[in-house]
Amino acid sequence: MVERFLKQTSFTSQEDFIRNFELRIPDNFNFGYDVVDAWAATDPDKLALLWTDDHGHRRDFTFGELKELTDKTAAYFSSLGIGRGDMVMLILKRRFEFWLSIIALHKLGAVVIPATHLLTKKDIVYRANAATIKAIVCVGDEIVTGHVSAALPESPSVEKVISVGPLVPEGYEDFHKGLDNAGPWVRPEHVNSNDDISLMYFTSGTTGQPKMVAHDFTYPLGHITTGSFWHNLHPGSLHLTIADTGWGKAVWGKLYGQWIAGATVFVYEHEKFTPANMLQMIQDYKITSLCAPPTIFRFLIREDLTKYDLSSLQYCTIAGEALNPAVYDTFLKLTGIKLMEGFGQTETTLTLATFPWMEPKAGSMGMPNPQYDVDLLRPDGSRAEDGEQGQIVVRTTPGKKTIGLFKEYYRDPELTREAWHDDVYYTGDVAWRDQDGYYWFVGRADDVIKSSGYRIGPFEVESALMTHPAVVECAITGVPDEIRGQVVKATIVLARDFRDREPEALIKELQDHVKRVTAPYKYPRVIEFVDELPKTISGKIRRVEIRDRDHK
């Protein structure tokens, strides 16, 4: 399948990759027809999705079955009045109905808005009105349907609410009954154009309401690099990305690039993440490829890995936030596998990565994906030199689509112009580049701490603390200081064996440790011990929440 969309499909070096990578973009590309149905036509018995849950249920879906089921789903949605351009929100956790729904909505030319099951009434009301959402497809549990039902009186654009069960409250459509009674599906003569919006994510910033990141129908092709050249997948791969379907990482690792590469997607639906259970899944199902954020790997390496047969694992990738070298080193020691880091945003696909032909450097995000013209810019707009901090940007060419880069912040041209102007998209992330061309994360532009004239990136301090055995997780933020402007604060989750230590002595020990590991001026002058760090559903640490609390 990859060869349909790439001029060259194998590469031996980064130079070869940059020189010869070239995407072929079909007119009116549609992932449902041009990938899912194409696999069904050529290899209908090929396993596309292996789904299981924490109650012991299992469902296998071949591409042939997926074509049939997504056609039925498209016919059913169409019977409810859903069609091209309509906005449909999916709140489906890791239920297999997510895959049926998103492919069906692609086939209809509708706009998919994945959302987390943690949304409350006010979150749903905001999203429904901001995007003029026409329908909501959700899991049928009391919490989710409770919030959805509470939101409906203030969400006038929502015409249909569809439950996939087990509960189907009064006024909700029954997804599975609808599929059983669906009529035949016939592909319309014209479903979409390449620049139509197909997918939209609400992504939270540090201030204001969540932004609506809109992607067009070519966006899945931007993930060929994700699946084939970062995850290093092939038709025999069984790939697990640990992510809820409400997060953009789900389509990064549980859909587009994986199926274009011909890999099987493994899905484990669970109510609560338990490291031991996840390791058991890897052992029992013989997962060959794993991708997860650093938070997940931090928990995995604290388990006794000798209890599990992880010999099936061939390749592991990591993204979501910067990788602390201590996590990389420990995982390598325990498994023999080098974690291959990648970087991207909701607004992009994979932007920087450690590819198979590269030797990873622990803590580095790797090198640019040739889909993007990546650079580092100083605050004055000039190009940062090697070794110098700068904001990661993507240069674009007028009139030429950068595949994978977002179309716009929906209904907000001013915000779009702030982030993307003069043919440059500003990511808001700060990094530096070494003499070998590897990029190293510093922090969000608004996370960088300015103390006594120094610019201190939180990631370096966090990485230094993570090498101390007392630290399970930590977050570095700046707190106001009358003399220095800001000082470094560390919010730390302690390892169990250190929780009874005398706090003042342990604080001094951690401060001295940081002074030894990195530049002494970067040590945290303020340390707070907490039971857990605030996080997003994707596992990213919410430093903004810590900052807001400290500024009150």
Side-chain angles (χ1 to χ4, degrees), residues 77 80-82 86-95 97-98 101-102 105 110-176 178 197 199-214 243-250 269-273 346 409-412 415 532-542 544-546 548-549 552:
F77 285 165
L80 298 178
I82 298 169
D86 287 333
M87 302 276 176
V88 181
M89 185 157 67
L90 305 181
I91 312 176
L92 291 171
K93 298 186 177 179
R94 296 174 181 84
R95 292 283 297 266
E97 292 90 348
F98 172 81
S101 296
I102 190 171
L105 291 168
V111 180
V112 183
I113 303 176
T116 170
H117 62 282
L118 298 179
L119 297 183
T120 61
K121 170 199 165 183
K122 67 179 179 61
D123 300 318
I124 296 169
V125 169
Y126 170 72
R127 284 158 174 75
N129 289 293
T132 317
I133 288 172
K134 186 173 185 176
I136 298 173
V137 186
C138 65
V139 293
D141 67 35
E142 291 182 356
I143 294 175
V144 173
T145 59
H147 289 310
V148 171
S149 296
L152 290 178
E154 298 173 45
S155 309
S157 66
V158 179
E159 299 176 11
K160 297 290 182 181
V161 185
I162 306 156
S163 171
V164 301
L167 298 177
V168 183
E170 184 177 353
Y172 283 61
E173 304 287 342
D174 187 319
F175 180 91
H176 289 285
I197 297 174
L199 183 70
M200 200 155 71
Y201 280 100
F202 282 77
T203 180
S204 298
T206 55
T207 59
Q209 293 282 16
K211 300 172 286 188
M212 294 183 283
V213 179
D244 182 274
T245 61
W247 179 37
K249 190 63 171 62
E269 165 69 305
H270 54 279
E271 287 300 318
K272 181 181 178 181
F273 171 75
T346 307
Y409 292 120
Y410 187 61
R411 292 179 173 171
D412 200 333
L415 189 61
E532 61 181 2
L533 297 174
K535 291 182 184 141
T536 66
I537 184 63
S538 62
K540 293 181 183 179
I541 296 169
R542 283 183 47 80
V544 63
E545 192 171 316
I546 298 172
D548 288 349
R549 189 175 63 227
K552 287 180 180 177

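Atoms considered below: every heavy atom in the structure, side chains included; atoms not considered: hydrogens, waters and symmetry mates.
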Using modelled atom types only, decide if a donor and an acceptor are shared between the side chain of Ser157 and the backbone of Ile133 within a distance under 3.5 Å.
yes

Nearest non-hydrogen partners of Leu92 and Thr245, listed with the distance
C-OG1, 4.0 Å

Apply salt bridge (charged side-chain N to carboxylate O under 4.0 Å, His left out) to Arg94 and list each qualifying residue two or more places apart in sequence or on a separate chain.
none

For residues Ala128 and Val158, report the shortest heavy-atom separation together with the two atoms involved.
CB-CG2, 4.0 Å

Is there a donor-acceptor pair under 3.5 Å between the side chain of Arg95 and the backbone N or O of Gly165?
yes

What pairs meet the salt bridge (Lys or Arg N to Asp or Glu O under 4.0 Å) rule with one or both residues in residues 164-174, with sequence neighbours excluded?
Lys160-Glu173

List for me each residue that meets ring-ring contact (aromatic ring centres under 6.0 Å, His included) alongside Tyr410, sequence neighbours excluded, and say none if there are none.
none

List the residues meeting side chain to side chain donor-acceptor pair (under 3.5 Å) with Thr132, not counting sequence neighbours, and say none if there are none.
Arg411

Is any side-chain heavy atom of Leu152 closer than 4.5 Å to a side-chain heavy atom of Val125?
no

Identify the heavy atoms of Val111 and Ile197 that sit nearest to each other, and give their distance.
CG2-O, 3.3 Å

Drop me the distance from Ile124's CD1 to Ile136's CD1, to the nearest 0.5 angstrom.
6.0 Å

For residues Arg127 and Met212, determine if any side-chain heavy atom of one lies less than 4.5 Å from a side-chain heavy atom of the other.
no

What is the distance from atom CG of Asp86 to atom CZ of Phe77, rounded to the nearest 0.5 Å?
12.0 Å

Shortest non-hydrogen separation from Pro114 to Phe98 and the atoms involved
CB-CE1, 4.4 Å

Nearest 0.5 angstrom please: Lys134 NZ to Ser155 OG, how far?
16.0 Å

Verify, without hydrogens or angle tests, whether Tyr126 (side chain) and Pro210 (backbone) share a donor-acceptor contact under 3.5 angstrom.
yes

Determine whether Leu90 and Ile113 make a side-chain contact, defined as any pair of heavy atoms from C-beta on separated by less than 4.5 Å.
no

All N/O donor-acceptor pairs, side-chain side in residues 137-150, below 3.5 Å, sequence neighbours left out:
residue: Asp141; atom: OD1; partner: Ile143; partner atom: N; Å: 3.2
residue: Asp141; atom: OD1; partner: Val144; partner atom: N; Å: 2.7
residue: Asp141; atom: OD2; partner: Lys93; partner atom: NZ; Å: 3.0
residue: Thr145; atom: OG1; partner: Asp141; partner atom: O; Å: 2.7
residue: Ser149; atom: OG; partner: Thr145; partner atom: O; Å: 2.9
residue: Ser149; atom: OG; partner: Tyr172; partner atom: OH; Å: 2.7

Flag the pair Lys211 / Tyr409 as yes when at least one side-chain heavy-atom distance between them is below 4.5 Å, and no otherwise.
yes

If you measure from CG on Leu80 to CD on Glu159, what distance do you get to the nearest 0.5 Å?
10.5 Å

Do you know which two heavy atoms are closest between Ala131 and Met87, and how far apart they sit?
O-CG, 3.2 Å

Pairs meeting criterion salt bridge (Lys or Arg N to Asp or Glu O under 4.0 Å) with involvement of residues 110-126, two or more places apart
Lys121-Glu154

